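What follows is a short report on a single structure.
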Amino acid sequence: MTNIVDQITGHRRMRRNRKADWTRRLVQESRLTVDDLIWPVFVVPGANVVEPIPSMPGVNRMSVDRLVEAAKEAADLGVPALATFPNIEMSLRDETGSNSLAADNLINQATRALKQHVPQIGVITDVALDPFTSHGHDGILRGSEIVNDETVEQVAKAAVVQADAGSDIISPSEMMDGRIGVIRQALDEAGHQNVGIMSYATKFASAFYGPYREAIGTGGLLKGDKKTYYIDPANGTEAIRDAALDVEEGADMLMVKPGLPYLDICWRMKEAFGLPVFAYQVSGEYAQIRAAAMNGWIDGDRVMMETLLAFKRAGCDGILTYFAVEVARALAKKG
Ligand code: PBG
């Protein structure tokens, strides 16, 4: 008797490997572990403050003392690192983001406290000026221009101040040309040879950053857009060229941001450079999943896991995600 399907498939049947939980586990190609997670957190001044962020349900801004407690839980769960972002008083924000250079600014206070109380967790700090400027741009605004070289000089100084406070990895996100090389040199001259650089190598001019801007209080401040320094979402080859410069200038790790809409870039980056590549599942991606889950339209937990696994499949070494602690808890339960 001839079976028409066997004739077509030549007896090759993909479903044999999918037939049971144990076969599926045996052939699983990508895995998500707690070691893949970096947790972005928002810091506010004061003590004992935990402030919900309306557009990011489940994410809070925390004062340094509460951040330390949260970091302890994350460390106990095995999360390797945090990425900290400050929401500073409006009165401290100015045209040049001068507070970014203050040794005791909010971000450096957070780093010192984390290093003192939770030394086992890595601290990654951003040197972009947007949390510190009165106009919400990542660099220094002169007339209508975000001036490149002056900004690079300042972020390199901010990087040294952050490293002095104990930051383990400097993560420049402001997309100025030449920043990685200048920051590397400044860190080395200050004796911070062991402080790494995770470059936001490919940061796109994306609409997915909306809730983050609410979280750090720049939403209402931002004049215009960031298209003169972030990458056009249409451009993949340009993104790889930009990352290549960062690699030449000494980046230790690379980042792709946003995440899920840019999986092709993750894959290309990993293929092109072989350096560790991290995806940032940004605030808008988080908000989409949360909002749909809260409406009962998707199974939020499963979608969260599926998106993170997709990053692994696309070649990423890890993911910056607001879900980090939730995922770590779920993975710990699974054992
Ligand atoms: C800017 C910066 C952005 C994010 C982190 N740092 C983008 C922006 O505001 O333009 C976005 C993170 C997120 O959306 O989760 N230096």
Side-chain angles (χ1 to χ4, degrees), residues 37-43 53-61 82-88 93 96-97 99-100 106-107 110 124-141 146 148 151-152 154-155 158-159 162 167 169-176 179-180 183 197-233 246 255-262 278-291 304 307-308 311 319-324:
L37 303 170
I38 297 172
W39 188 30
V41 292
F42 299 107
V43 197
I53 301 158
S55 55
M56 300 179 75
V59 176
N60 300 308
R61 302 183 194 95
L82 303 178
T84 54
F85 297 96
N87 180 326
I88 69 170
R93 304 187 195 204
T96 60
N99 186 251
S100 66
L106 185 57
I107 210 65
I124 301 174
T125 52
D126 190 348
V127 284
L129 302 182
D130 56 309
F132 306 99
T133 57
S134 47
H135 43 71
H137 278 290
D138 293 16
I140 296 170
L141 181 64
I146 305 300
N148 192 90
T151 300
V152 169
Q154 181 163 330
V155 299
Q162 291 181 357
S167 176
I169 295 181
I170 303 297
S171 201
S173 80
E174 79 313 315
M175 293 298 283
M176 298 296 119
R179 71 202 193 286
I180 301 298
I183 289 172
I197 300 178
M198 178 190 285
S199 175
Y200 282 71
T202 61
K203 184 168 187 185
F204 291 88
S206 169
F208 279 95
Y209 306 141
Y212 165 89
R213 292 180 187 169
E214 184 191 356
I216 65 158
T218 59
L221 300 178
L222 187 65
K223 295 195 187 92
D225 57 48
K226 301 190 178 183
K227 290 181 187 168
T228 68
Y229 47 108
Y230 290 0
I231 302 169
D232 183 337
D246 292 357
M255 194 200 293
V256 175
K257 179 179 178 185
L260 219 51
Y262 298 87
F278 293 85
Y280 195 149
Q281 182 174 50
V282 299
S283 56
E285 298 176 70
Y286 173 88
Q288 278 185 317
I289 296 173
R290 268 285 190 259
M304 163 182 88
T307 57
L308 297 173
F311 290 116
I319 308 106
L320 289 92
T321 175
Y322 299 99
F323 290 117

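As the structure lists them, so they are numbered: ligands from 1, and atoms in each ligand from 1. The structure presented is a predicted model; accordingly, all values stated were derived computationally and were not measured.
A donor-acceptor contact closer than 3.5 angstrom links the side chains of Thr321 and Gln281. No hydrogens or angles considered: nothing links the side chains of Arg179 and Thr151 as a donor-acceptor pair under 3.5 Å. A donor and an acceptor atom, one from each side chain of Tyr230 and Asp225, are nowhere located under 3.5 Å apart.
Between Ile231 and Ala201, the shortest heavy-atom contact is CD1-O, 4.2 Å. When all heavy atoms are compared, the tightest approach of Phe311 to Ala279 is CD2-CB, 3.4 Å. The heavy-atom pair separating Ile107 from Pro86 by the smallest distance is CD1-CD, 3.6 Å.
In this structure, the separation between CG on Leu320 and CH2 on Trp39 is 13.0 Å, given to the nearest 0.5 Å.
Within the 4.0 Å heavy-atom cutoff, Glu285 does not count among the residues contacting ligand 1.
Looking only at protein heavy atoms, the nearest one to atom 10 (O) of ligand 1 is Arg213 NH2, 2.6 Å. Of all protein heavy atoms, the one lying nearest to atom 4 (C) of ligand 1 is Lys257 NZ, 2.7 Å. Nearest protein heavy-atom contact of atom 16 (N) of ligand 1 is Ser173 OG, 2.7 Å. Protein heavy atom at the shortest distance from atom 1 (C) of ligand 1 is Lys203 NZ, 2.9 Å.
Put simply, the residue from Leu129, Ile146, Asp130 that forms a side-chain contact (heavy atoms from CB on, under 4.5 Å) with His137 is Ile146.
Within the 4.0 Å heavy-atom criterion, neither part of Tyr286 lies near ligand 1. Under 4.0 Å from ligand 1, not a single heavy atom of Glu174 appears. Contacts between Ser283 and ligand 1, counted as non-hydrogen atom pairs separated by less than 4.0 Å, involve both the backbone and the side chain. With a heavy-atom cut-off of 4.0 Å, Val282 touches ligand 1 through backbone and side chain alike. Using a 4.0 Å cut-off between heavy atoms, Thr218 makes no contact with ligand 1 at all.
Judged purely by atom type and a 3.5 angstrom limit, Tyr286 uses its side chain to pair as donor or acceptor with the backbone of Pro57.
For atom 6 (N) of ligand 1, the choice among Tyr212, Tyr230, Tyr280, Tyr229 with the nearest heavy atom turns out to be Tyr212. Heavy-atom proximity to atom 15 (O) of ligand 1, evaluated over Tyr209, Tyr200, Tyr322, is greatest for Tyr322.
Residue-ligand proximity, Asp126 to ligand 1, at heavy-atom distances under 4.0 Å covers atoms 6 (N), 16 (N). Ligand-side atoms of ligand 1 in range of Asp130: 1 (C), 2 (C), 16 (N), range being under 4.0 angstrom from any heavy atom. In summary, the atoms of ligand 1 found under 4.0 Å from a heavy atom of Lys226, numbered by their order in the structure, are 8 (C), 9 (O), 10 (O). Atoms of ligand 1 found under 4.0 Å from any heavy atom of Ala128, numbered from 1 in the order shown, are 16 (N).
Here Tyr209 and Tyr280 keep their ring centres 6.0 angstrom or further from each other.
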